[in-house]
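Both counts, for ligands and for their atoms, begin at 1 and track the order of listing.
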Amino acid sequence: MKLFDTLAEMGHEEVVMCSDPSVGYKGILAVHSTKLGPALGGTRFWQYATDEEAITDALRLSRGMTYKNAVAGLHLGGGKSIIMGDNKTKDREKIFRAHGRFVESLGGRYITAEDVGTSTKDMDYVNMETSHVAGLAGKSGDPSPVTAHGVFRAVQASAKRKWGSDSLEGKTVAIQGCGSVGTHLAKELHEAGAKLIISDIDSAKAARVKQLTGAAIVEGDAIFTADADIFSPCALGGILNETTIPKLKVEIVAGGANNQLLLERDGDELEKRGILYAPDYVANAGGVINVYGEVAGWDAQRALNKADDIYDTVLKVFDIAEAKHIPTYEAADRLAEQRLAEAK
Ligand code: NAD
């Protein structure tokens, strides 16, 4: 890897390789941008096959956070950190305290939080060494109600653009994934008068949502062919791809899952099929809004109110897409870049 060429191309400000062999700690802190504020993004604890793979992930994820935070209208830049190793290890305090010391060494240019492989308890260890950490136990708490509310607003905005009204009364929404986000979203949609079709590989989770909302349950891939108006992915990434997109009967895709498009060309394909796509990182920004609320000292209601703005942001993305004749996933990037350019 030509590291400095890559940093220049991707626009990173700073990438720190951190090592404390005395506690078995190997970490990477990637600060992509602090133009809009301190770089915020979680700590991913993962076993990578090679150092290069870990660096590539840190670079990609930190840049993604810059775009997500910029589009969400937060005073935050983008960053991410990686701890390389077995995330099931029981020996966590010394690893996360080492991580905390390196986060502290950046003097607040980078704020960390939870991500894949880490928990609120791990962040408590980080917090023993630095105050530049969010997502702590007893603070902003579970982000999923705020994330779900933002997704709900993205669904409403998409309905407004597609059908001229944001009423969801009588519309059918197919939700893939009845976990934290999917369950809260199902409740809001049900209250708004939508009919629901749901799926989850965990049948107990689907049964619970059925009980709460009267949703119809389908198994496995049947969620893609469901007779619905809107598809809301709330499980895993990569589920919009060349196999699934041809099956969709919906007019809108808007959900909470990260990285829904397997490839960029899948976003182009949705466009070609006339399916309106609310870009994932715009729709699911409630999670980061919730973390920002913790850093800024907001109460839970203020975070929910901020997630309301996702409605206007999604409409702005659709406007850019229309004006520039580009797919909506590209328009979201343009909106983020616009905000970053204005900050200069
Ligand atoms: P979760 O683990 O609580 O829920 C995910 C659910 O999806 C689980 O119930 C799981 O059984 C189900 N699932 C997995 N594979 C499936 C499949 N093939 N078909 C149907 N169901 C399947 O996770 P969550 O917190 O609800 O997050 C859901 C998605 O939203 C993830 O992609 C996550 O990265 C993203 N996200 C979450 C938040 C948040 O605040 N929790 C914020 C931003 C983005």
Side-chain angles (χ1 to χ4, degrees), residues 40-44 46 57 61 64-65 67-69 71-72 74 78 80 113-120 134-135 139-155 173-189 196-210 212 215-226 228 231-241 243-244 247-248 253-262 278-294 300 303-304 306-307 310 332:
L40 181 131
T43 298
R44 182 161 293 194
W46 199 252
D57 217 22
L61 293 168
M65 288 309 297
Y67 279 74
K68 186 173 205 162
N69 294 339
V71 157
L74 301 173
K80 198 90 182 182
E114 288 164 57
D115 191 58
V116 176
T118 61
S119 67
T120 50
K139 292 268 180 84
S140 62
D142 176 11
S144 59
V146 182
T147 303
H149 183 60
V151 175
F152 175 72
R153 298 291 284 155
V155 171
V173 187
I175 304 177
Q176 183 189 41
C178 300
S180 310
V181 175
T183 301
H184 288 289
L185 176 66
K187 283 197 256 175
E188 278 206 59
L189 288 168
L196 301 176
I197 300 173
I198 55 169
S199 78
D200 199 295
I201 46 171
D202 181 336
S203 58
K205 287 190 176 174
R208 186 161 166 268
V209 171
K210 178 180 177 173
L212 289 169
I217 298 177
V218 296
E219 299 295 332
D221 285 357
I223 198 73
F224 298 115
T225 50
F231 174 48
S232 188
C234 292
L236 305 176
I239 47 86
L240 296 170
N241 55 50
T243 314
T244 60
K247 294 181 182 167
L248 295 175
V253 174
N258 276 317
N259 306 318
Q260 293 167 28
L261 300 171
L262 183 63
D280 46 14
Y281 75 82
V282 183
N284 71 19
V288 76
I289 288 172
N290 197 60
V291 173
Y292 178 72
E294 182 176 324
L304 272 175
K306 180 71 185 166
I310 288 175

Can you give me every donor-acceptor pair (side chain of residues 139-148, partner residue at least two apart or in another chain, under 3.5 Å) with its distance?
from   : atom 1 : to     : atom 2 : distance (Å)
Ser140 : OG     : Glu294 : OE1    : 2.5
Asp142 : OD1    : Ser144 : N      : 2.9
Asp142 : OD1    : Ser144 : OG     : 2.8
Asp142 : OD2    : Ser144 : OG     : 2.9
Thr147 : OG1    : Pro143 : O      : 3.2
Thr147 : OG1    : Gly287 : N      : 3.1

Exercise for review: Apply the test side chain to side chain donor-acceptor pair (under 3.5 Å) to residues Thr244 and Asn241: give CA-CA distance (whole Å), side-chain angles for both, the deciding distance (0.1 Å), then the verdict.
Suggested key: CA-CA 5 Å; Thr244 60; Asn241 55 50; 3.3 Å; yes
Pairs under 3.5 angstrom, nitrogen or oxygen on both sides, ligand 1 versus protein: list them out, please.
from     : atom 1 : to     : atom 2 : distance (Å)
ligand 1 : 3 (O)  : Ser180 : N      : 3.0
ligand 1 : 3 (O)  : Ser180 : OG     : 3.2
ligand 1 : 9 (O)  : Asp200 : OD1    : 3.4
ligand 1 : 9 (O)  : Asp200 : OD2    : 2.7
ligand 1 : 9 (O)  : Lys205 : NZ     : 3.2
ligand 1 : 11 (O) : Asp200 : OD1    : 2.7
ligand 1 : 26 (O) : Ser180 : N      : 3.1
ligand 1 : 26 (O) : Val181 : N      : 2.8
ligand 1 : 30 (O) : Gly256 : O      : 3.1
ligand 1 : 32 (O) : Ala235 : O      : 2.8
ligand 1 : 32 (O) : Asn258 : N      : 3.3
ligand 1 : 34 (O) : Asn258 : ND2    : 2.9
ligand 1 : 40 (O) : Thr147 : OG1    : 2.6

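Applying the salt bridge (Lys or Arg N to Asp or Glu O under 4.0 Å) test to every pair with at least one member in residues 175-185, sequence neighbours left out, gives no pairs at all.
At least one donor-acceptor pair closer than 3.5 Å links the side chain of Asp280 to the backbone N or O of Gln260.
In this structure, Lys68 has no salt bridge (Lys or Arg N to Asp or Glu O under 4.0 Å) partners at least two apart in sequence or on a different chain.
Scanning both residues, Leu74 and Val288, for their nearest heavy atoms gives CD1-CG1, 3.9 Å.
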